[in-house]
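Take a look at the structure set out below.
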Amino acid sequence: MPEGHTIHRLARLHHRRYRGQQLAVSSPQGRFVAEAERLDGQYFTRAEAWGKHLLHHYDSGDMVHIHLGLYGKFSDVKAPMPPPVGQVRLRIEGDDHGGDLRGPTACEMFTPEDLDALVARLGPDPLRKDADPDKAFARIHKSRRPLGAMLMDQKVIAGIGNVYRAEVLFRANVHPMRPGTAVDHRVWQKMWDDTVELMDVGVRRGKIITIRSEDDHGTPGMRGRPRSYVYRRRGEPCRICGNTILGEVMEGRNLFWCPSCQPD
């Protein structure tokens, strides 16, 4: 599933592509026809992201909520667009660009009340300027649930996925099994600030890079430069201490950490 930086990057792209334009909107697949007919010809005002949720806003006040889930993708092509291919749930086309949405978990009309309800059940989003990290800390610090599990809980923090979870914990030297009650505010603030910085890099560069410059021992100009410390590196030597990276399944997702750099 795309992590939050991917959705924010998509929202920024759509904002640049379509803001202020009268869009042609359709549903070639047929599962969003009535809604598309309502939106067709309206002016697109803005796009935004809340965690892993994408929102399109129109001048009438209409709003579309999109959650890509595991299989959803939004194409980006120049207009005029070619005939649709495959199961296109939503097609939008502006003056110069258009996009086809395929395979989303959700593509639905939203009311302001729907948006309020969505935001209420999400934790703070590190990529939003209005995010309050103390809201997440309050939930973390009163729970004995492992921090590694709570970082993946969208009700605690919105937008973090498996890669950022593993890498932020490593960079903070925090064991993923540490209970939330044992996380002090100073450590949490350091992790939050690091998450904001790393996810912002992800938005700007379109890929997750968590290696600090002093730990990047790749060959300049060559492919295959290291991009992570522990994610998907179970059984390999730690880039910092040389100890073996461990891994196990936590709440259905693979987890990776270094037992030396992230002691109990």
Side-chain angles (χ1 to χ4, degrees), residues 1-131 154 158-159 199-200 202-204 206:
M1 182 182 296
E3 301 205 23
H5 74 287
T6 300
I7 307 305
H8 276 267
R9 185 177 173 87
L10 186 59
R12 293 183 189 186
L13 175 68
H14 288 178
H15 194 73
R16 291 197 310 271
R17 293 283 197 242
Y18 308 118
R19 181 180 57 174
Q21 296 180 29
Q22 189 176 20
L23 298 190
V25 183
S26 61
S27 179
Q29 179 195 57
R31 295 181 60 186
F32 197 64
V33 171
E35 298 90 338
E37 290 177 350
R38 172 171 169 167
L39 296 168
D40 187 41
Q42 289 196 37
Y43 285 87
F44 189 97
T45 57
R46 64 189 174 99
E48 65 172 334
W50 283 88
K52 300 180 180 182
H53 302 262
L54 175 66
L55 294 154
H56 285 175
H57 296 266
Y58 290 83
D59 63 319
S60 67
D62 283 338
M63 190 186 330
V64 179
H65 165 248
I66 296 164
H67 192 284
L68 294 181
L70 287 173
Y71 306 109
K73 291 186 181 298
F74 224 128
S75 67
D76 178 49
V77 299
K78 288 193 173 184
M81 297 176 69
V85 176
Q87 299 297 306
V88 178
R89 181 80 56 86
L90 171 67
R91 165 171 282 208
I92 57 176
E93 186 170 1
D95 299 338
D96 303 307
H97 290 84
D100 284 335
L101 173 65
R102 297 178 175 86
T105 296
C107 175
E108 58 191 345
M109 300 294 286
F110 245 30
T111 66
E113 292 75 25
D114 292 329
L115 179 57
D116 288 344
L118 172 67
V119 173
R121 68 174 183 263
L122 292 175
D125 179 343
L127 286 170
R128 291 188 64 95
K129 293 180 179 179
D130 55 0
Q154 299 301 296
M199 293 185 74
D200 185 62
V203 173
R204 289 186 284 106

Criterion side-chain contact (heavy atoms from CB on, under 4.5 Å) on Phe32 and Leu101, from CA distance to verdict:
CA-CA 11 Å; Phe32 197 64; Leu101 173 65; over 6 Å; no

Derivation and outcome, side-chain contact (heavy atoms from CB on, under 4.5 Å), residues Met109 and Val64:
CA-CA 5 Å; Met109 300 294 286; Val64 179; 4.0 Å; yes

Go through the steps for Arg31 and Gln87 under the test side-chain contact (heavy atoms from CB on, under 4.5 Å), then give the verdict.
CA-CA 10 Å; Arg31 295 181 60 186; Gln87 299 297 306; over 6 Å; no

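Checked by atom type and distance alone, the side chain of Gln21 pairs as donor or acceptor with a backbone atom of Asp95 at under 3.5 Å. In this structure, the side chain of Arg102 engages the main chain of Val85 through a donor-acceptor pair within 3.5 Å. Remark: the backbone N or O of Ala49 is paired with a side-chain donor or acceptor of Arg128 at under 3.5 angstrom. Side-chain N or O atoms of Ser60 include one that pairs as donor or acceptor with a backbone N or O of Asp62 at under 3.5 Å. Here the side chain of Ser75 pairs no donor or acceptor atom with the backbone of Gly99 at under 3.5 angstrom. A donor-acceptor pair is defined here as one N or O able to donate and one able to accept, closer than 3.5 Å; such a pair exists between the side chain of Asp59 and the backbone of Tyr43.
The shortest distance between side-chain heavy atoms of Leu70 and Thr105 does not fall below 4.5 Å. Between Asp114 and His65, the closest side-chain pair of non-hydrogen atoms is not below 4.5 Å. The shortest distance between side-chain heavy atoms of Glu93 and Pro80 falls below 4.5 Å. Using a 4.5 Å heavy-atom cutoff, the side chains of Leu68 and Leu54 are not in contact.
Here CD1 of Ile66 is found 4.5 Å from CZ of Phe74. Values are rounded to the nearest 0.5 Å. For the atom pair Ser27 OG and Arg91 CZ, the distance stands at 11.0 Å (nearest 0.5 Å). With rounding to the nearest 0.5 angstrom, the CG atom of Asp100 is 14.0 Å from the NZ atom of Lys73. One finds the NE2 atom of His5 at 7.5 Å from the CE atom of Met199 (value rounded to the nearest 0.5 Å). Remark: Asp40 CG to Gln22 CD distance equals 8.5 Å, nearest 0.5 Å. Once rounded to the nearest 0.5 Å, the distance linking OG of Ser26 with CD1 of Ile92 reads 10.0 Å.
Ring centers of Phe44 and Tyr58: under 6.0 Å apart, within the cut-off. Taking the six-membered ring for Trp, His56 and Tyr18 have ring centres at least 6.0 Å apart.
When all heavy atoms are compared, the tightest approach of Ala11 to Glu48 is CB-C, 3.8 Å. Heavy atoms only, all atoms of each residue included: Pro126 and Ala158 are closest at CD-O, 3.3 Å. Nearest heavy-atom pair, Ile7 versus Gly51, reported as atom, atom and distance to 0.1 Å: CB-O, 3.8 Å.
Heavy atoms of other residues, nucleotides or ligands lying less than 6.0 angstrom from CZ of Arg204 number more than 12.
Considering Gln154, His53, His8 as possible partners of Asp125, the one that fulfils the side-chain hydrogen bond (donor to acceptor under 3.5 Å, both in side chains) test is His8.
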